[in-house]
> 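Before we start, here is the structure in question, set down as structure tokens.
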Amino acid sequence: MRASRYNFREAEPRWQKIWDEKQVFKTRTDDPRPKYYVLEMFPYPSGRIHMGHVRNYAMGDVVARYRRAKGYAVLHPMGWDAFGMPAENAAMEKKVHPATWTYQNIATMKAQLKSMGLSLDWSREFATCDPDYYKHQQRMFLDFLKAGLVARKTSKVNWDPVDHTVLANEQVIDGRGWRSGALVEQRELTQWFLRISDFSEELLNALDGLTRWPEKVRLMQANWIGRSEGLTIRWALVPESAPAGFDTLEIYTTRPDTLGGASFMAIAADHPLAKTAGAQDPALQAFIEECRRMGTSQATLETAEKRGYDTGIRARHPFDPTWELPVYVANFILMDYGTGAIFGCPAHDQRDHDFATRYALPIKPVVRPAEMSDAEANAAFSREAPPYLDDGVVFNSGFLDGLTIAAAKEAVAARLEAETIAGAPVAARKVNFRLRDWGISRQRYWGCPIPIIHCEDCGIVPVPNQALPVTLPDDVDFDKPGNPLDRHPTWRHVPCPQCGKPARRETDTMDTFVDSSWYFARFTDPFNADSPTSPAAIAKWLPVDQYIGGIEHAILHLLYSRFFTRAMSLTGHADIKEPFEGLFTQGMVVHETYRNADGAWVSPAEIRIETGEHGRRAVEIESGREAIIGSIEKMSKSKKNVVDPDDIIASYGADTARWFMLSDSPPERDVIWSEEGVQGAGRFVQKIWRLVTEAADLPREGSTDTVPAVTRAAHKAVLSVSEDLERLRFNRCIAHIHDLSNTIAAALAERSDETGPAIREAVRVMVQLFAPMMPHLAEECWAELNEDGLVADAAWPVADPALVREDRLLLPVQINGRKRGDIEVPAEADAAAVEAMARADAAIGALLEGKPIRKVIVVPKRIVNIVL
RNA sequence: GCCCCUGUGGCGGAACUGGUAGACGCGACCGACUCAAAAUCGGUUUCCGCAAGGAGUGCUGGUUCGAUUCCGGCCAGGGGCACCA
């Protein structure tokens, strides 16, 4: 018997060094084997890696190592999403330059990732804040500009009137700036946009082709793009009620069938009609100002109480010019969507209903369930009843009565298209999208500069190619809020590239989503200094075969990347449409929360868990007082329920941490980090080591007449582990490996001269099966078993179908759907034979005694159900 | 508010396309080894019941020979909502 415990502290760094020296994970573009590109969403260098990273990168690494073993040329790179607000916050709070802070964090986190033993090609590493990266981004921006993919228009931002700075949504707390506490205002700024909305239809339709994406992500994106078919309708305004120049009001609706139930009109606070009317009505102006103080986030707008102001303007109903409706300015109408104006039908829309209730406006039902009569529907109606939103039949609506919703929509469209008002058709059919253009301007320092120069004479002038990159100045101060680029004494002053006159640089930088919209393409050839991408590398590696990241990126990052890839194709930087062929969204890492007797949050490291007859209790180690075990939540600094990967790797090793991360929960779901769970994983590592050291003494060669059970178990495990790895069901892989290890342990306990070689072989297979998850332990075991080379270079085992097949099956027998017994049948028995065997079974026969059998259902290889 | 997801023993979860609910692990309990402990090994562990048996996959109703799986309603928890990344 050898040294009985596996020493990960010594082994893990040793194997990492060997992989490194032999450049095992370095990828060559001229590798002739079929390619496989596996990518995990690159991290923001926030300071230290967290358990979410460990989970994400452990998963990606399993896929990468598995594909390598299956004979693919694998590309598995890593980099840093390095621009962003936290660096500027750190600069303000800690007086450290954003670049210094960022690169220090990268160094720390890179060391942490290395200690995990990931099979990454580090030679391709870059950070998006490297000028060598963002210079290509600036060039592509200019190419997009030339190709008509960029627009300049106004949009609203959160403005802090005290700090004189633009705030991100997360910096607005309860309508106030997070530092100044001042009430936030909406402000209009002229900004740069990428014209993603030109691709709405294309991005929506192409979702159908993304068959290896989670259905829910495709659904979320489809809803986000939000295609709707509707009608724009122009309503005549009662002339004496409306300001001069406003004869009509154009609205957009997807429910023209409910026109008969119209109760009011509502327009956005920044609708031209509202602005004009507000100029003449101080109370209205005050209401508009109030709407403007609500912040710009959708959630804020829609959860706010529905409020409005009656402008006194009246609109004439398109069906009946004597029917006049009030025009309100309402806080829940968005100028960005449709025409910024709607008609309200409270009986069939929740928001309209809320609004009508608050302002005592008419509510008239015009759609009823098909099975009701008009009279019944009218009798059943009340103002207090919730709006009816389902399909049905139109009533109370004159010429539309009796039509289905679809037919009524068509009838309204046909009628109003044919009528005219002020020399144009009253209505027009319109396909509308919710998706808006992508505003990329940020009034911040730590981002990629937008390579534009504003000249009074020449207007907007692109920075010439040879002058790229436009780099950020180093000498900036963060003593004051706002964009340091604006305040910089010299940086913004440049001669116009066209006329040479003094001009000024664009001081906005790009949204960091731009940085992450093409990094996967850059990884295919990060060595190209002249262009963003190289055609050969793009052709070889893209699309990404398996992309893995958090579900929180389901919409924005992924949609922007899909758009950006198309834009790159149009400008000759890529030759594909979809960047990510396979997508997997993993769940979060969550942990129990603890509070001490004073109600303060306490971290798990300061807690000892005791289990006794009263269940689990937590004790604060320092004070010895009992702590309260709170709910399980996403790990966050504020609730102190964080576990530091460094601590875990130091006390248990990288393999144990990786194994536990993958073991319990399905990867798409949240995983609860628990001390007991990690300890269990640690015990398993030692168990494997014991099995391997014992098996290493067994002979390799031998002969037997029969196939030992352990051999069958190993082959079955190869089959099931491979299948589950293909589908990223890591928790099931681990269960299968546990099973195999149990079978091997039993076989070892009863080993004979005959079974020795079979056990040794099964152990070798088991080592290969867990190698993608616990690579260091696997190498150590591989060497202990005296196998050739590295397990990282070994080919994946292949299952022998003959050894996996079962010739007899245990079949459950039900009576009336309840299991009453089992019968053992030959695997190939036909239905009649199985039925006969079920009836012949003693236990079943007794229960059937004297009762008539109505029906017998035999599902081959599954079940027998006898119905009495 | 809108969109999307999730809900199974004491706990994490398994159950392929509607076919034995609880694989595998954690915890707990009992036993072996030990002077003792740790480690390790063996056994038990959904609930009620001595048993026969019955109940059971958030709640509720439906479809089916058969529902964790499909459909309707409800409840609870989570993700996203365009300047957090």
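Proteins come first, then strands; the chains are lettered A, B, ... in the order of their sequence lines, and each starts at number 1. Just so we're clear, the structure is a prediction, and the values are computed from it rather than from any experiment.
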> At 4.0 Å (heavy atoms only), tell me whether A:K819 reaches a base, stays on the sugar-phosphate, or touches nothing.
base

> Roughly how far apart, to the nearest Å, are B:U34 and B:U45 at atom P?
28 Å

> Can you check whether A:R218 has a side-chain N or O nearer than 4.0 Å to OP1 or OP2 of B:C3?
no

> Can you tell me which residue pairs pass the salt bridge (Lys or Arg N to Asp or Glu O under 4.0 Å) test with a partner in residues 186-195 of chain A, sequence neighbours excluded?
A:R195-A:D198

> If I pick the C1' atom on B:G58 and the same atom on B:G54, what distance separates them, to the nearest angstrom?
22 Å

> Please report the distance separating the C1' of B:G56 from the corresponding atom of B:C47, rounded so that it comes out in whole Å.
8 Å

> Would you say the ring centroid of A:F332 lies under 6.0 angstrom from that of A:F355?
yes

> Using the C1' atom in both, what is the distance from B:G27 to B:G9, to the nearest Å?
12 Å

> C1' atom, B:G62 versus B:U69: distance in rounded Å?
15 Å

> Who passes ring pair (Phe, Tyr, Trp, His ring centres under 6.0 Å) against A:F199, sequence neighbours left out?
A:F563

> Taking the nucleotide of RNA chain B with the nearest heavy atom to each, does A:R820 or A:S665 sit closer to the 5' end?
A:S665

> For the pair A:Y519 and A:H557, name the ring-plane relationship: parallel under 30°, tilted 30 to 60°, perpendicular over 60°.
tilted

> Could you list, one pair per line, each protein nitrogen or oxygen that sits under 3.5 Å from a nitrogen or oxygen of nucleotides 22-25 of chain B, together with the distance?
residue: B:G25; atom: OP1; partner: A:N742; partner atom: ND2; Å: 3.2

> C1' atom, B:U8 versus B:G13: distance in rounded Å?
9 Å

> If the C1' atom of B:C83 is compared with that of B:G22, how far apart are they to the nearest Å?
48 Å

> If a protein heavy atom is under 4.0 Å from the base, mark B; if only from the sugar-phosphate, S; if neither, -; do that for nucleotides 64-85 of chain B going 5' to 3'.
-BS------------SSBBBSB

> Taking OP1 and OP2 of B:A14, is either one under 4.0 Å from a side-chain nitrogen or oxygen of A:R729?
no

> Toss me the dot-bracket line for RNA chain B: Watson-Crick and G-U wobble, both under 3.5 Å, 5' to 3', using | for pairs to another strand and [ ] for crossers.
(((((((..(((......[....)))((((((.......))))))(((....)))..(((((..]....))))))))))))....

> Is the shortest side-chain N to carboxylate O distance from A:R690 to A:E694 below 4.0 Å?
no

> Give the ring-plane orientation class for A:H348 versus A:Y388, where under 30° counts as parallel, over 60° as perpendicular and anything between as tilted.
perpendicular

> Please determine whether a side-chain nitrogen of the Lys or Arg among A:D160 and A:R179 lies less than 4.0 Å from a carboxylate oxygen of the Asp or Glu.
no

> Testing the 3.5 Å rule here: is there a donor-acceptor pair between the side chains of A:S180 and A:D163?
no

> Using the P atom in both, what is the distance from B:C71 to B:G18, to the nearest Å?
10 Å

> A:F193 ring centre to A:K153 NZ or CZ under 6.0 Å, with the angle to the axis within 45°?
yes

> Using the test ring pair (Phe, Tyr, Trp, His ring centres under 6.0 Å), find all partners of A:Y44 that sit at least two apart in sequence or belong to another chain.
none

> Please say whether more than 12 non-hydrogen atoms of neighbouring residues, nucleotides or ligands are located less than 6.0 Å from CZ in A:R808.
yes

